[in-house]
Undergrad: 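One structure is given below, represented as structure tokens, and several questions about it will come after.
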Protein chains: 2
Amino acid sequence: MSQTVGELSPRAREIVDAARALLESEGEDALTMRRLADRLGMRAPSLYKHFPDKETLEAAIIAEGFEESAERFEAAVAADRRRPLRALAAAYRTFALEHPHLYRLMTEQPLRRDLLPPGVEERAAAPLVAAAGSVNRARAVWAFAHGMTILELNDRFPRAADLEKAWREGIRMFERLRS
Amino acid sequence: MSQTVGELSPRAREIVDAARALLESEGEDALTMRRLADRLGMRAPSLYKHFPDKETLEAAIIAEGFEESAERFEAAVAADRRRPLRALAAAYRTFALEHPHLYRLMTEQPLRRDLLPPGVEERAAAPLVAAAGSVNRARAVWAFAHGMTILELNDRFPRAADLEKAWREGIRMFERLRS
DNA sequence: GTCTATAGTGGGATAGAC
DNA sequence: GTCTATCCCACTATAGAC
């Protein structure tokens with residue numbers, strides 16, 4: 001079910017793993033070629049023997065993120081076939097809150113699709129398109145989910161806000177439209 | 001109806017204006033103290049006689065953004081009392097697309113409320129809270145609108161996507177819930 | 001309120017030896 | 001595939017003279 005990201009040499013794999021760990025623990029600003037090299041016990045210039053530039057390395061992390069979130073979404077729908085939108089929303093939020101920095105890297109910038117293995121984005125999107133019933137409705141649901149998520153990550157809701165309730169308000173609506 | 005941001009000296013006003021112009025024309029990365037000083041025909045260190053740090057200067061720009069968007073939202077609701085949510089959504093998107101870099105500055109990071117004149121955020125939010133009927137519903141609508149907006153700005157929808165349609169799908173739902 | 005000078009910190013990336 | 005040395009870039013901010 002799981003699938004490896006492209007064809008990476010063993011050393012390149014280690015570098016991606018370390019890069020992701022650094023990103024997830026300290027955020028995007030901490031992901032520099034120097035700090036990454038430090039973690040790997042090597043010098044920054046050596047990294048360029050494995051990746052042509054930083055963007056390509058980031059794309060490898062992003063591809064992993066898409067593959068893992070796709071698995072989550074597929075499992076969520078499989079586990080609750082009665083209310084796929086609700087299940088997807090919960091899985092979406094959970095993934096983002098568990099991997100906030102990865103989620104930001106995946107969503108807060110234009111996607112370099114040319115640097116990704118083909119199909120990874122589509123696979124992650126497929127369960128939602130199926131559950132929403134149309135592409136436009138899927139876009140609206142995605143926008144709602146991303147908005148809730150990124151505003152929460154950016155600390156834009158009041159501390160006392162009942163976000164579960166706001167999520168439920170939104171999902172309930174989208175569910176009604178289906179019937 | 002319009003209101004000035006805090007009490008700024010004339011020179012400080014000029015600096016904020018230039019900073020905003022620089023931000024809007026070239027984006028957040030271009031808004032550096034050096035480039036700002038260049039535009040004003042002065043040296044970067046001189047800016048610190050007017051603002052204690054960059055964050056405070058940015059907060060002045062953000063406050064302006066809130067005031068201007070509040071005016072837009074109030075006018076939109078006044079112009080279409082039958083469908084306030086639809087009017088607000090259109091005004092929201094228009095403001096963001098007209099001022100993409102300002103919109104990013106206003107939404108993509110935690111808000112330094114301690115650096116803003118009191119009430120500016122609330123005033124901008126008020127029309128939506130009134131139109132949505134409840135705070136939680138307002139949060140859901142905001143999340144949808146912000147999601148649509150920022151995903152568009154981040155170029156995450158396919159070129160061919162009919163975003164008008166996706167917006168309509170979302171708004172239609174939220175309108176139905178009211179009745 | 002402006003300047004010069006500068007501190008201090010960091011970044012991505014390349015050349016060329018081994 | 002790793003290294004050293006280095007380039008060139010950028011930033012926020014402060015001290016102190018005028």
Side-chain angles (χ1 to χ4, degrees), chain A residues 5-62 101-102 104-105 108-112 114-115, chain B residues 5-63 101-102 104-105 108-112 114-116:
Chain A
V5 174
E7 308 308 325
L8 262 49
S9 71
R11 190 58 169 145
R13 229 331 350 121
E14 288 173 13
I15 292 172
V16 173
D17 290 347
R20 176 169 173 183
L22 178 56
L23 168 73
E24 296 223 35
S25 62
E26 300 186 48
E28 176 153 27
D29 288 352
L31 181 55
T32 72
M33 300 304 265
R34 291 172 199 216
R35 293 209 52 196
L36 174 56
D38 277 351
R39 281 213 172 194
L40 288 158
M42 68 196 309
R43 304 292 166 182
S46 305
L47 295 169
Y48 291 88
K49 297 291 183 182
H50 302 276
F51 295 91
D53 51 36
K54 195 188 175 191
E55 250 190 320
T56 304
L57 173 56
E58 286 177 343
I61 302 175
I62 290 169
H101 298 299
L102 173 59
R104 284 183 191 281
L105 187 69
E108 287 189 319
Q109 55 184 325
L111 191 59
R112 288 294 304 271
D114 56 315
L115 299 180
Chain B
V5 174
E7 308 309 325
L8 261 49
S9 72
R11 191 57 171 145
R13 214 7 318 131
E14 289 173 13
I15 293 171
V16 173
D17 290 346
R20 176 169 172 182
L22 178 56
L23 169 73
E24 297 223 34
S25 63
E26 301 186 48
E28 176 152 29
D29 288 351
L31 181 55
T32 72
M33 300 303 264
R34 292 176 197 209
R35 294 210 50 195
L36 174 56
D38 277 351
R39 282 213 171 193
L40 287 158
M42 68 194 313
R43 305 292 167 181
S46 306
L47 295 169
Y48 291 89
K49 297 290 183 182
H50 303 276
F51 294 89
D53 51 37
K54 196 189 175 191
E55 251 190 320
T56 305
L57 173 57
E58 286 177 343
I61 302 174
I62 290 170
H101 298 299
L102 173 58
R104 285 183 192 280
L105 187 69
E108 287 190 317
Q109 56 184 325
L111 190 60
R112 287 294 304 270
D114 56 315
L115 299 180
L116 297 180

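Numbers restart at 1 for each chain; the letters A, B, ... are given by sequence-line order, proteins then strands. Below, all heavy atoms of this structure are taken into account, side chains as well, without hydrogens, waters or symmetry copies. Computed from a predicted structure; not experimentally measured.
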Undergrad: If I take atom CG in residue B/Leu47 and atom P in nucleotide D/dA13, what distance separates them, rounded to the nearest angstrom?
TA: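 Computing the B/Leu47:CG to D/dA13:P distance gives 11 Å.
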Undergrad: Taking the side chain as every heavy atom from C-beta outward, state whether A/Ile61 and A/Leu31 have any atom pair closer than 4.5 Å.
TA: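 Yes. Closest side-chain heavy atoms under 4.5 Å.
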Undergrad: Quick one: is B/Arg11 getting a side-chain N or O under 4.0 Å of the C/dT2 phosphate, OP1 or OP2?
TA: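 Result: yes.
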Undergrad: Please state how far atom CG in A/Leu36 lies from atom C1' in C/dG10, giving the value in whole angstrom units.
TA: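 After rounding, the gap between these two atoms is 16 Å.
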Undergrad: Heavy-atom nearest nucleotide on DNA chain C for B/Pro45 versus B/Met42: which residue maps closer to 5'?
TA: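 With B/Pro45 and B/Met42 compared, the 5'-side residue is B/Met42.
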Undergrad: Quick test: give all pairs of protein nitrogen or oxygen and nucleotides 9-12 of chain D nitrogen or oxygen below 3.5 Å, distance rounded to 0.1 Å.
TA:
| residue | atom | partner | partner atom | Å |
| --- | --- | --- | --- | --- |
| D/dC11 | OP1 | B/Thr32 | OG1 | 3.0 |
| D/dC11 | N4 | B/Arg34 | NH2 | 2.8 |
| D/dT12 | OP1 | B/Lys54 | NZ | 3.0 |
| D/dT12 | OP2 | B/Met33 | N | 3.0 |
| D/dT12 | O4 | B/Arg34 | NH2 | 2.6 |

Undergrad: State, to 0.1 Å, how close B/Ala37 and B/Ala44 come at their nearest heavy-atom pair, and which atoms those are.
TA: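 Nearest heavy atoms, B/Ala37 then B/Ala44: CB-N, 3.4 Å.
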Undergrad: On DNA chain D, check which nucleotide each of A/Arg43 and B/Pro52 is closest to and give me the residue with the more 5' one.
TA: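 On the 5' side of the pair lies A/Arg43.
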Undergrad: Do B/Arg34 and B/Asp38 meet the salt-bridge criterion of a basic N to acidic O distance under 4.0 Å?
TA: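 Not counted as a salt bridge, because no side-chain N and carboxylate O are separated by less than 4.0 Å.
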Undergrad: Where is the tightest heavy-atom contact between B/Met42 and B/Leu47, given as atom of each residue plus distance?
TA: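 Where B/Met42 meets B/Leu47 most closely, the heavy atoms are SD-CD2, 3.8 Å.
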Undergrad: Considering just the side-chain nitrogens and oxygens of A/Ser46, establish if one lies under 4.0 Å of OP1 or OP2 belonging to D/dG1.
TA: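 Checking D/dG1 against A/Ser46, no side-chain N or O comes under 4.0 Å of OP1 or OP2.
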Undergrad: Which comes earlier along DNA chain D counting from the 5' end, the contact point of B/Glu55 or that of B/Lys49, where each point is its nearest nucleotide?
TA: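 Its nearest nucleotide being more 5', the pick is B/Glu55.
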Undergrad: Run the side-chain hydrogen bond (donor to acceptor under 3.5 Å, both in side chains) test against A/Thr56 and tell me which residues pass, sequence neighbours left out.
TA: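 A/Asp53.
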Undergrad: Grab the CG-C1' distance between B/Leu40 and C/dT2 for me, whole Å please.
TA: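 Distance, rounded to whole Å: 13 Å.
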Undergrad: Side-chain polar contacts of residues 21-29 of chain A - donor-acceptor pairs under 3.5 angstrom, sequence neighbours left out - could you list them?
TA:
| residue | atom | partner | partner atom | Å |
| --- | --- | --- | --- | --- |
| A/Glu24 | OE1 | A/His99 | ND1 | 2.8 |
| A/Glu24 | OE2 | A/Arg20 | NE | 2.6 |
| A/Glu24 | OE2 | A/Arg20 | NH2 | 3.1 |
| A/Glu24 | OE2 | A/His99 | ND1 | 3.3 |
| A/Ser25 | OG | A/Ala21 | O | 2.9 |
| A/Ser25 | OG | A/Leu22 | O | 3.2 |
| A/Ser25 | OG | A/Arg39 | NH2 | 3.2 |
| A/Glu26 | OE1 | A/Arg35 | NH1 | 2.8 |
| A/Glu26 | OE1 | A/Arg35 | NH2 | 3.2 |
| A/Glu26 | OE2 | A/Arg35 | NH2 | 3.0 |

